[in-house]
Protein chains: 4
Amino acid sequence: MNDASPRPLRADAARNRARLLDVATEVFTTRGVGVPTEEIARAAGVGVGTLFRHFPTKEALLEAVVVRRLETITARAAQLAAETEPAEAFFACFRLVVEQSAGKQEFTRALAEAGVDVHASLRESSDQMRGRLAELLAGAQQAGAVRPEVGLPELIALLVGVGAATEHLAADPAARERVYDVVFTGLRPH
Amino acid sequence: MNDASPRPLRADAARNRARLLDVATEVFTTRGVGVPTEEIARAAGVGVGTLFRHFPTKEALLEAVVVRRLETITARAAQLAAETEPAEAFFACFRLVVEQSAGKQEFTRALAEAGVDVHASLRESSDQMRGRLAELLAGAQQAGAVRPEVGLPELIALLVGVGAATEHLAADPAARERVYDVVFTGLRPH
Amino acid sequence: MNDASPRPLRADAARNRARLLDVATEVFTTRGVGVPTEEIARAAGVGVGTLFRHFPTKEALLEAVVVRRLETITARAAQLAAETEPAEAFFACFRLVVEQSAGKQEFTRALAEAGVDVHASLRESSDQMRGRLAELLAGAQQAGAVRPEVGLPELIALLVGVGAATEHLAADPAARERVYDVVFTGLRPH
Amino acid sequence: MNDASPRPLRADAARNRARLLDVATEVFTTRGVGVPTEEIARAAGVGVGTLFRHFPTKEALLEAVVVRRLETITARAAQLAAETEPAEAFFACFRLVVEQSAGKQEFTRALAEAGVDVHASLRESSDQMRGRLAELLAGAQQAGAVRPEVGLPELIALLVGVGAATEHLAADPAARERVYDVVFTGLRPH
DNA sequence: AATGAATGAGGATTCATTCAT
DNA sequence: AATGAATGAATCCTCATTCAT
């Protein structure tokens with residue numbers, strides 16, 4: 001719990017921060033992290049100074065983007081897990097994670113690093129996501145829907161992998177489905 | 001008209017070119033494409049000028065690295081295909097491709113783009129590789145070792161994906177094997 | 001026409017102004033004039049906006065700091081001059097000036113410029129200080145305690161110089177005393 | 001002895017390096033260290049890149065400037081010491097040091113820090129200068145020309161101090177002479 | 001052919017100052 | 001009056017590429 005929240009943040013400041021985060025997410029994922037900060041600021045309709053006021057470093061901005069995304073995914077996964085029975089929940093979440101992170105070059109890499117780790121700030125959100133994934137996996141295994149010898153590390157690796165695989169199949173949904181099919185089949189017992 | 005052939009290249013020049021390519025391969029794959037050209041030149045024991053004489057652009061150097069790698073892989077794949085029966089050859093080549101490209105950040109991405117394509121110069125070598133992969137796939141499918149509905153695009157996607165998955169499992173060979181197992185199982189009929 | 005007087009200034013505003021001045025004095029003298037205004041504001045417990053309301057420019061703030069210091073020193077010098085006999089007063093004031101300005105990097109420079117001069121606003125206070133120093137010098141010379149050919153410009157120069165000399169002798173009081181001794185001996189007749 | 005000299009340096013490179021050093025000396029001493037590197041480069045007739053090739057950091061450039069100056073002064077002081085009898089040599093060197101460093105804002109500060117110290121690279125040259133000054137002082141004291149209780153720290157402090165004093169007396173040579181007179185008188189026995 | 005010095009556009013970051021709240 | 005968010009010019013430094021030696 002974070003009672004010592006950073007401070008309420010004025011309405012306009014909050015708006016700018018959000019804009020920045022949205023724009024950065026979009027820009028980083030479509031064009032990579034090499035995009036100049038200035039361009040991100042411009043796209044968000046603010047000056048560079050504002051960007052740097054909210055995120056003291058370009059890296060901090062990237063981190064914030066990744067954290068937010070992890071949190072969103074984790075939340076949705078939790079919801080899915082609550083509403084659905086284990087087997088179905090597992091596979092639905094698999095797709096969810098892949099779809100939310102695929103097509104996002106650097107983000108995929110960041111997710112990948114959740115297997116090893118990263119910057120302290122990411123720690124928490126990636127840990128949470130890991131925890132959620134572990135639960136889903138365990139549930140699906142108990143329900144007999146996933147081979148029991150599959151562990152968390154390879155699950156994460158497969159998420160990353162399918163994300164990468166999928167990324168270049170954007171134009172071919174049928175092929176994408178076949179990738180899922182191969183992997184899901186491979187994950188099921190026998 | 002000059003000689004059509006790209007010039008015989010003096011012995012030392014050829015040596016430099018080869019050194020450069022080796023060093024660049026090593027450096028790009030271990031530290032990413034962000035490494036300054038100057039550093040690559042130094043590591044190869046030549047001046048930057050020499051590097052740029054051989055490769056007019058940093059990108060050209062990267063391309064040459066990728067092309068050479070593709071050619072090597074393709075050649076080994078061809079060898080494997082010739083020496084082994086279709087089913088075995090297919091899975092052996094799958095591993096070969098993954099292992100040769102995995103752990104190579106940017107290279108993986110380059111290979112990935114072979115699914116859609118890239119710079120004209122890569123065309124040929126990636127086409128060759130694609131041809132080889134298509135043959136292997138067809139062979140394995142005729143032998144009943146791979147599900148018939150799997151197509152080339154998703155095969156390539158899976159290669160890229162397993163490469164990505166594998167990249168962060170360097171320290172855990174058992175998990176890596178399980179990833180292969182999942183995907184290979186998923187590729188086989190039933 | 002507005003009131004000629006600079007406005008009575010609300011109680012809290014006056015308090016802020018004073019705080020700002022104190023903090024700025026401390027910060028400028030210990031860490032140099034390079035310190036960001038924002039930091040000074042924070043240290044004074046106000047927002048930057050408030051700082052700039054009181055001092056329209058960073059330079060204006062620095063100036064106010066210097067002026068206040070000059071005035072303080074001048075006042076103490078006047079007091080000393082009134083209470084003590086000329087010879088003693090002169091040397092005591094010399095020390096006073098040096099000690100109040102020494103160790104204060106930028107301030108020393110500002111004081112130094114009093115020899116040539118500066119911003120209009122400093123004019124008055126530096127003139128006053130100059131007047132006071134001139135009187136002290138004259139008194140000491142009439143009392144036969146200081147060589148008659150020493151003029152105001154070199155007195156100021158020596159004050160600045162001893163300040164500079166002293167600044168790096170903070171840890172060695174004995175050496176500092178010897179510096180004073182050298183200069184005071186040199187100032188006395190024969 | 002520096003047998004492992006950094007490398008011969010091509011003629012043009014050496015020329016540029018020297019130009020840069022000269023220009024930087026001039027610019028830093030007349031306008032302070034705040035001057036943009038770009039301006040220094042332009043004044044030296046080279047691009048910024050060249051400046052940074054020779055001096056990897058602005059600070060490194062400043063350091064090089066200071067070192068060169070210290071070395072020059074030390075060399076001249078050594079020469080003076082060799083050619084003149086102790087008493088005279090001491091006072092001549094005092095003036096030399098002051099005149100070479102005075103009027104040079106930041107340089108003075110650097111010299112001053114020789115009392116405490118600085119960046120490793122400066123170490124050597126400032127140590128050499130300190131050694132030279134110590135010899136001169138000892139010689140003059142043995143010759144009975146300087147009070148025996150004066151130590152090296154306060155000598156350095158006085159050099160810095162007279163430099164600072166002198167700096168603002170550029171237009172008044174007579175006053176400057178009187179400053180020297182005061183300090184030299186104070187340094188002599190009785 | 002090789003070398004490495006020179007170039008300068010480009011990019012991240014800081015900070016005095018303004019202005020909406 | 002106070003606040004602190006926004007601004008953007010200014011600055012240091014990097015690096016792909018060119019060119020004199």
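Fair warning: this is a prediction, and the values are worked out from it, not measured in the lab. Heavy atoms only: backbone and side chains are in, while hydrogens, waters and symmetry mates are out.
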**Prompt:** What is the nucleic acid contact for B:Val48, judged by heavy atoms within less than 4.0 Å: base, sugar-phosphate only, or nothing?
**Reply:** base
**Request:** Determine, step by step, whether D:Asp12 and D:Arg19 satisfy the salt bridge (Lys or Arg N to Asp or Glu O under 4.0 Å) criterion, reporting the C-alpha distance in whole Å, the side-chain angles of both residues, the deciding distance to 0.1 Å, and the verdict.
**Result:** CA-CA 10 Å; D:Asp12 56 345; D:Arg19 281 285 310 274; over 6 Å; no
**Request:** Output, in order, the C-alpha distance, side-chain angles, deciding distance and verdict of side chain to side chain contact (heavy atoms under 4.5 Å, CB included) for C:Thr29 and C:Arg69.
**Result:** CA-CA 11 Å; C:Thr29 54; C:Arg69 203 172 256 263; 3.8 Å; yes
**Message:** For D:Glu38, I'd like to know if atom CD has over 12 heavy atoms of other residues, nucleotides or ligands within 6.0 Å.
**Reply:** no
**Message:** Can you tell me if A:Glu124 has over 12 outside heavy atoms packed within less than 6.0 Å of its CD?
**Reply:** no
**Message:** Please compare C:Thr57 and A:Glu59 by the position of their nearest nucleotide in DNA chain E and report the one closer to 5'.
**Reply:** A:Glu59
**First of A:Glu38 and B:Arg53 reached from the 5' end of DNA chain E, by closest nucleotide** = B:Arg53
Would you kindly give the [atom1]-to-[atom2] distance between [X] and [N], to the nearest whole Å?
X       : N      : atom1 : atom2 : result
D:Glu39 : F:dC12 : CD    : C1'   : 14 Å
D:Arg31 : F:dT11 : CZ    : P     : 10 Å
A:Arg17 : F:dA6  : CZ    : P     : 11 Å
B:Phe55 : E:dA2  : CZ    : C1'   : 15 Å

**Asked** Between D:Phe52 and B:Val35, which is nearer to the 5' end of DNA chain F once each is assigned its nearest nucleotide?
**Response** D:Phe52
